[in-house]
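A note on names: the letters A, B, ... follow the listed sequences, proteins ahead of strands, and every chain is numbered from 1.
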Protein chains: 2
Amino acid sequence: MQSKVTIYDVANAAHVSMATVSRVMNNNPKVKKETKERVLKVIHDLNYHPNAVAQGLASKKTTTIGVIIPDLTNSYFANLAVGIDDIAMMYNYNIILSNSNEDTEKQNKIIDNLLAKQVDGIIYMGRNQTEHFQNVIKESETAVVLAGTVDNQNTPSVNINYRKATHDATNFFLKQKQKVALVVDNANFPINAEYRIPGYRDALKENDIKFDKNLIFENHNSDSVNSSIYNNIYESGATAAIVDNDETALLLLNKGFNLGKKIPNDFQIISSNNTIVTKYGRPMISSITQPTYDIGAVAMRILTKIMNNEEVKEKNIYLDYDIIHRGTTRI
Amino acid sequence: MQSKVTIYDVANAAHVSMATVSRVMNNNPKVKKETKERVLKVIHDLNYHPNAVAQGLASKKTTTIGVIIPDLTNSYFANLAVGIDDIAMMYNYNIILSNSNEDTEKQNKIIDNLLAKQVDGIIYMGRNQTEHFQNVIKESETAVVLAGTVDNQNTPSVNINYRKATHDATNFFLKQKQKVALVVDNANFPINAEYRIPGYRDALKENDIKFDKNLIFENHNSDSVNSSIYNNIYESGATAAIVDNDETALLLLNKGFNLGKKIPNDFQIISSNNTIVTKYGRPMISSITQPTYDIGAVAMRILTKIMNNEEVKEKNIYLDYDIIHRGTTRI
DNA sequence: CTGAAAGCGCTAACAA
DNA sequence: TTGTTAGCGCTTTCAG
């Protein structure tokens with residue numbers, strides 16, 4: 001193996017200084033045209049590829065960003081990640097992707113790693129940032145953008161208006177005099193405690209219905225087919241459910257079928273993320289629609305701006321949502 | 001913001017040389033106990049965190065590996081990625097994850113990026129490595145392991161025996177005198193051309209049935225709900241199908257229902273990856289079972305060995321598979 | 001427009 | 001057991 005060719009070798013072969021080669025590589029305009037071409041030719045002939053690690057050390061920019069994802073196998077977050085990845089690649093950033101499992105220790109380890117690797121920025125997805133995460137970010141002054149994620153720190157973020165979306169979905173059912181259950185992973189997560197549940201209650205209040213906390217169900221992030229939560233929902237007397245996770249909604253639908261429920265006649269469902277999973281249902285599942293890919297893409301775009309110290313007008317961006325009625329709702 | 005504390009600051013404060021600090025950080029045994037403790041205390045007091053980029057440049061090891069995935073939103077690959085990520089974290093590696101979309105240009109760009117970032121190794125998932133990829137890998141001598149992926153280059157890999165698994169599934173149907181279709185993404189990909197289709201033909205031959213190429217269907221990686229392929233399959237006269245992708249199998253199942261097919265009475269299905277998606281079916285989908293997570297995990301483990309120049313006995317590892325009969329097969 | 005030279009923060013001989 | 005000293009490969013003033 002011919003040992004790696006460095007900028008030094010290029011400089012030598014082209015009879016210029018390393019500085020000039022560096023300028024050529026970085027498209028610095030003040031290099032004479034002929035010089036540039038000569039250098040470019042040598043670069044090509046020698047098959048020179050700059051060492052990004054060395055560049056990173058010298059320039060203090062790694063063109064790498066960290067992405068923290070709660071669960072790679074969750075269709076919603078996976079779609080966000082694809083949006084992030086596409087835009088990152090477009091702007092020539094690489095992504096260090098880590099699966100947090102929403103686990104505290106793991107998250108702490110991840111953030112330390114990311115910072116050690118000198119990432120230029122971080123996109124965080126998830127529902128429970130650790131204190132350590134927040135402290136460390138603050139100190140390090142690393143740019144962070146939340147995607148499909150809220151916190152109570154005014155961190156830049158890209159989302160839909162969960163409160164209003166949940167409100168709308170609840171209202172849809174309430175107009176039909178349904179008794180509506182709200183199914184969330186964990187009622188204490190900010191996204192639920194501060195957005196979805198308040199949105200649900202907003203609608204209740206508008207319709208003069210008393211809030212019943214027994215109609216809030218938590219499935220604690222479990223995709224388990226055998227969770228008892230599905231039975232509980234059907235036995236609660238609810239006639240409709242808004243579910244914060246497509247996988248859960250599908251499992252709920254199937255369980256209803258097994259229990260002999262007619263959906264949407266006996267029971268209606270609106271899911272929240274409109275991933276492909278909603279299409280796996282029989283009937284297909286009605287859902288709040290989110291521009292999932294775009295949320296990731298916009299988050300990444302914002303992050304590039306922050307990293308370049310460009311002005312960003314809106315720190316907290318809300319993209320449009322809607323509700324699509326498929327087979328699990330009556331209209 | 002207090003400017004970053006470096007190894008130099010630590011050395012100063014602890015009245016030792018940088019080398020000693022470095023030794024402490026790297027757990028070099030030949031540091032006197034008291035010295036070590038003093039340094040450790042300073043490290044803690046100063047809240048020193050080593051700069052991995054500088055370490056990478058000096059040591060020529062980045063403790064970062066590249067992972068190429070065809071589609072983050074595909075449940076099978078996402079599960080592999082989780083296995084990879086877990087073991088990587090266990091061994092203190094970070095993962096640069098890139099979505100290739102099985103796109104040639106994108107793959108080429110990704111591999112160049114990864115190499116520029118000086119990753120210590122690469123895990124490749126996908127079905128069509130580009131020539132550029134293979135050339136560049138060879139030159140760079142970067143360790144590569146394939147996960148859930150085959151090639152024709154004898155690259156280290158972790159898989160199940162796709163040929164035998166497909167053979168078994170086909171045989172299961174043939175024993176029932178079914179006319180069996182084989183549904184793959186692309187018949188030319190090595191995994192299909194050299195494993196699944198031969199496995200299918202093996203079983204045919206054993207049962208003295210003539211191969212009919214019209215029973216091989218390609219869905220070209222599309223998850224599309226509206227693909228015409230489903231109709232074609234049902235209209236082909238086949239009474240059973242082996243499908244290489246759980247998402248496709250589910251869509252096929254649902255389409256059958258819409259066409260009024262009774263499954264498994266009129267038509268049977270065996271899927272290939274046993275991801276959670278098989279559980280979304282009504283009935284749940286019978287499937288070849290693969291230790292998906294383990295394939296990723298083992299691939300990562302092998303990669304650590306290769307990167308450490310440890311001996312690896314088996315270059316190509318085959319994990320156990322089985323067939324689980326759920327609701328889409330008759331037994 | 002180009003070059004010299006000083007780092008970036010760390011590791012790894014080599015000495016002591 | 002510890003310190004000295006070269007680098008690792010690149011960017012970036014500062015001169016010219």
Side-chain angles (χ1 to χ4, degrees), chain A residues 2-40 42-43 46-64 92 112-113 115-120 140, chain B residues 2-40 42-43 46-64 92 112-113 115-120 140:
Chain A
Q2 73 287 37
S3 73
K4 274 280 181 204
V5 6
T6 72
I7 197 173
Y8 179 83
D9 303 320
V10 176
N12 261 8
H15 304 295
V16 296
S17 70
M18 288 162 47
T20 299
V21 180
S22 176
R23 290 189 186 101
V24 171
M25 291 301 301
N26 297 299
N27 265 311
N28 186 316
K30 40 190 167 192
V31 181
K32 209 202 299 176
K33 194 153 168 257
E34 298 104 72
T35 319
K36 180 169 182 177
E37 280 166 2
R38 184 154 38 94
V39 171
L40 247 20
V42 173
I43 285 178
L46 262 41
N47 192 24
Y48 166 69
H49 290 279
N51 178 324
V53 175
Q55 288 179 315
L57 184 58
S59 69
K60 302 185 163 306
K61 290 201 185 316
T62 55
T63 61
T64 301
N92 274 305
D112 289 343
N113 268 313
L115 260 19
K117 295 262 158 99
Q118 316 296 121
V119 294
D120 297 336
S140 78
Chain B
Q2 72 286 37
S3 73
K4 274 280 181 202
V5 7
T6 72
I7 199 173
Y8 179 82
D9 303 319
V10 176
N12 260 7
H15 305 296
V16 295
S17 72
M18 288 162 49
T20 299
V21 179
S22 175
R23 290 189 187 102
V24 171
M25 291 301 302
N26 296 300
N27 265 311
N28 186 318
K30 40 191 168 191
V31 181
K32 210 203 298 177
K33 196 156 169 252
E34 298 103 72
T35 319
K36 180 169 182 177
E37 280 167 3
R38 183 154 39 95
V39 172
L40 247 21
V42 173
I43 286 177
L46 261 44
N47 192 24
Y48 166 69
H49 290 279
N51 179 324
V53 175
Q55 289 179 315
L57 184 57
S59 69
K60 302 187 164 303
K61 291 199 184 319
T62 55
T63 62
T64 301
N92 276 303
D112 289 343
N113 268 314
L115 261 17
K117 295 261 158 98
Q118 318 294 123
V119 295
D120 296 336
S140 78

Would you tell me if any nitrogen or oxygen in the side chain of T20(B) comes within less than 4.0 Å of OP1 or OP2 on dG3(D)? yes
Indicate whether OP1 or OP2 belonging to dT11(D) is found under 4.0 Å from a side-chain N or O atom of S59(A). no
Heavy-atom pair with the smallest gap, counting every atom of R23(B) and V31(B): CB-CG2, 3.7 Å
Taking atom P of dG3(C) as reference, at what distance in whole Å does atom CG of N28(A) sit? 13 Å
Mapping P50(A) and T35(B) to their closest nucleotides on DNA chain D, which lands nearer the 5' end? T35(B)
Rounded to whole angstroms, how far apart are CZ on R23(B) and C1' on dT5(D)? 12 Å
Starting at CZ of R38(A) and ending at C1' of dT2(C), how long is that distance when rounded to a whole Å? 11 Å
If you measure from CD1 on I7(B) to CG on L46(B), what distance do you get to the nearest 0.5 Å? 12.5 Å
Show your working on side chain to side chain contact (heavy atoms under 4.5 Å, CB included) between V5(A) and N47(A) and close with a plain yes or no. CA-CA 8 Å; V5(A) 6; N47(A) 192 24; 5.6 Å; no
With heavy atoms under 4.0 Å as the rule, sort M18(A) into base, sugar-phosphate or nothing. base
Rounded to whole angstroms, how far apart are CE on M25(B) and P on dC10(C)? 8 Å
Can any side-chain N or O of S59(A) pair as donor or acceptor with the backbone N or O of Q55(A) at less than 3.5 Å? yes
Quick one: label T6(A) by what it contacts on the DNA or RNA (base, sugar-phosphate, nothing), any heavy atom closer than 4.0 Å. sugar-phosphate
Check the distance between dT12(D)'s P and K60(A)'s NZ and give it to me in whole angstrom. 11 Å
dC8(D), OP1 or OP2 - any side-chain N/O from N51(A) closer than 4.0 Å? no
Using a heavy-atom cut-off of 4.0 Å across all strands, would you classify K30(A) as base, sugar-phosphate, or nothing? base
Give me the one residue out of V24(B), V21(B), V42(B) that meets side-chain contact (heavy atoms from CB on, under 4.5 Å) with V16(B). V21(B)
Pick the closest DNA chain D nucleotide for S22(A) and for V16(B) by heavy atoms, then say which residue is nearer the 5' end. V16(B)
Atom-to-atom span, CG of L57(A) to P of dG7(C) - whole angstrom: 14 Å
Which of the following nucleotides, dA12(C), dG9(D), dA4(C), is nearest to the side chain of A19(A)? dA4(C)
Hey, does V21(B) reach any base, or is it just sugar-phosphate, or nothing, if we go heavy atoms under 4.0 Å? nothing
Atom pair distance, as rounded to whole Å: CG in N26(B) and P in dG9(C): 18 Å
Under 4.0 Å between a side-chain N or O of K61(B) and OP1 or OP2 of dT11(C)? no
Sugar-phosphate, base or nothing in reach of V53(A), heavy atoms under 4.0 Å: nothing
For residues T63(B) and K117(A), is any side-chain donor paired with an opposing acceptor at under 3.5 Å? yes
Nearest-nucleotide wise, let me know which of Y8(B) and K36(A) is further upstream toward the 5' end of DNA chain C. K36(A)
How close or far is atom C1' of dC10(C) from atom CD of Q118(B), stated in whole angstroms? 16 Å
